[in-house]
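Please read the structure below before turning to the comments.
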Protein chains: 2
Amino acid sequence: MAPRALAKQTNAEMPDVVSDLEILIGYNMKRAYVAIQKDFRAALGEGGLSPRTFSALSLVVAHPNISQSSLARLLGIERSGLVAIIDELERRNYLTRSHVPGDRRVQALVATHEGNAAYQATLATVQAHEERLLATLSATEKHTLMQILIKIRLTDKEDI
Amino acid sequence: MAPRALAKQTNAEMPDVVSDLEILIGYNMKRAYVAIQKDFRAALGEGGLSPRTFSALSLVVAHPNISQSSLARLLGIERSGLVAIIDELERRNYLTRSHVPGDRRVQALVATHEGNAAYQATLATVQAHEERLLATLSATEKHTLMQILIKIRLTDKEDI
DNA sequence: TATTGTTATACTCTATAACTATA
DNA sequence: TATAGTTATAGAGTATAACAATA
């Protein structure tokens, strides 16, 4: 028989148990991610980079001259969805699109000096936000969590 | 000084390191959740419940006669956003809205027989999906993960 | 034929604000 | 005044499909 996690009427005996959702990893992962994202946005404030824009900038800084196609693949999103993100980073003067000799289809992305500086500052803010938010976790717990998250992520065959 | 996680040019020495994102829990949590959600939807198939609709149904099953306001609070979403979810569950004949004596503003939500049956079947499918997807994790790892996720979730003051 | 960047478009999820009917 | 449910609306974030330029 399939596991039946929770009897129907738990209100009386176990008022703290909200529903079967509590034993589902997907549900708890979503709630945890929502909490992290909320704090991320609060930490970066009005006018700060959104998580996805920060991620894109991080990859451009780490991979100078990366193409938009490669970047979209690394982020796990469609090329079409990346356009608005790169538009925003270009508008902020954080990177430039430049044509490369040899293949005139490609737009090589390079972070500007301003973009590099903004990235380093933002990264420090993001790291501070995570350290503060996850202060109740031990170093071992953080390490274990990261290992598990990467394991789960890589169950997706289309990832990377 | 703030920690500087990654030097600028890692391509040569560490081709596997994609960027600082790899050490950020928020980023890895998002990628892991996307993988889980994708598999959840694939497991439930065309016409299956979405994660949020399944969550709402779970809470209605566990809490007969719950109000929409209480349900929204438990799910961590706005009352207005719940309307479409309840509409869908009502359209599927999985629950009924019924007025309660004493306060005619409230709509008590009760799962139908069909809704209870569909919920139990869907729950079994969801649990099978998680067991399959997370097969590489040990029981200890799953337990640790869950504890950490709940800890993170509860850093949000507005949660619960 | 295939690929890069782009646009047009639509769908999901969520939030804010305002309304109504009740309390 | 305050609350429950609802509607209207808008904004992220994402995907699919099609296009022009180029390979």
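In what follows, chains are A, B, ... by sequence order, proteins preceding strands, each numbered from 1.
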Between I86(A) (CD1) and dG13(D) (P), how many Å, whole number? 14 Å
Figure out the CG/P separation between L95(B) and dG5(D), and round it to whole Å. 13 Å
With distance as the sole test, does D39(B) use its side chain to make a donor-acceptor pair with the main-chain N or O of L133(B) at under 3.5 Å? no
Taking 4.0 Å as the cut-off, does a side-chain nitrogen or oxygen of R52(A) come that near to OP1 or OP2 on dT14(D)? yes
L82(A) CG to dT3(C) P, straight-line distance once rounded to whole Å: 18 Å
Protein-nucleotide distance (E88(A), atom CD; dT14(D), atom P), rounded to Å: 13 Å
Give the minimum heavy-atom separation between L89(B) and A56(B), together with the two atoms involved. CD1-CB, 4.2 Å
Could you give the CD-to-P distance, from Q68(A) to dA21(D), as a whole number of Å? 17 Å
Taking the minimum atom-to-atom distance to the side chain of E78(B), which one of dA21(C), dA15(C), dT16(D) wins? dA15(C)
Have a look at V83(B) and say if it touches a base, only the backbone sugar-phosphate, or nothing, with a 4.0 Å heavy-atom cut-off. base
When rounded to the nearest 0.5 angstrom, what is the spacing between OH in Y33(B) and NZ in K30(A)? 4.5 Å
5' precedence on DNA chain D between D103(A) and S70(B) (nearest-nucleotide basis): S70(B)
From C-beta outward on S69(B), which listed nucleotide comes closest to its side chain: dT16(D), dG5(D), dT22(C)? dG5(D)
Which whole-number value in Å describes the distance from D87(B) CG to dC13(C) C1'? 15 Å
Without decimals, in angstroms, what is the distance between L71(A) CG and dT4(C) P? 13 Å
Toward the 5' end of DNA chain C, by each residue's nearest nucleotide, R105(B) or G81(B): G81(B)
Are the side chain of D159(B) and the backbone of T155(B) linked by a donor-acceptor contact shorter than 3.5 Å? no
Keeping E141(B) on the side-chain end and S138(B) on the backbone end, is there a donor-acceptor pair under 3.5 Å? yes
Please confirm whether any donor atom in the side chain of R104(B) sits under 3.5 Å from an acceptor in the base of dT22(C), or the reverse. no
For the side chain of S80(B), counting heavy atoms from C-beta on, which of dT6(D), dA2(D), dA23(D) is nearest? dT6(D)
Return yes if a side-chain donor-acceptor contact under 3.5 Å exists between S70(A) and S67(A), otherwise no. yes
Side-chain N or O of Q107(B) less than 4.0 angstrom from OP1 or OP2 on dT6(D)? yes
Can you sort out which residues in residues 26-43 of chain B have a heavy atom within less than 4.0 Å of DNA chain D? Ascending by number, please. K30(B)
Mark yes or no for whether E88(A), through its side chain, and T53(A), through its backbone, hold a donor-acceptor pair below 3.5 Å. no
H99(B) NE2 - dA21(C) P separation (whole Å): 12 Å
Does the ring center of Y119(B) lie less than 6.0 Å from the ring center of F54(B)? yes
Would you say R79(B) places a side-chain N or O within less than 4.0 Å of OP1 or OP2 belonging to dC19(C)? no
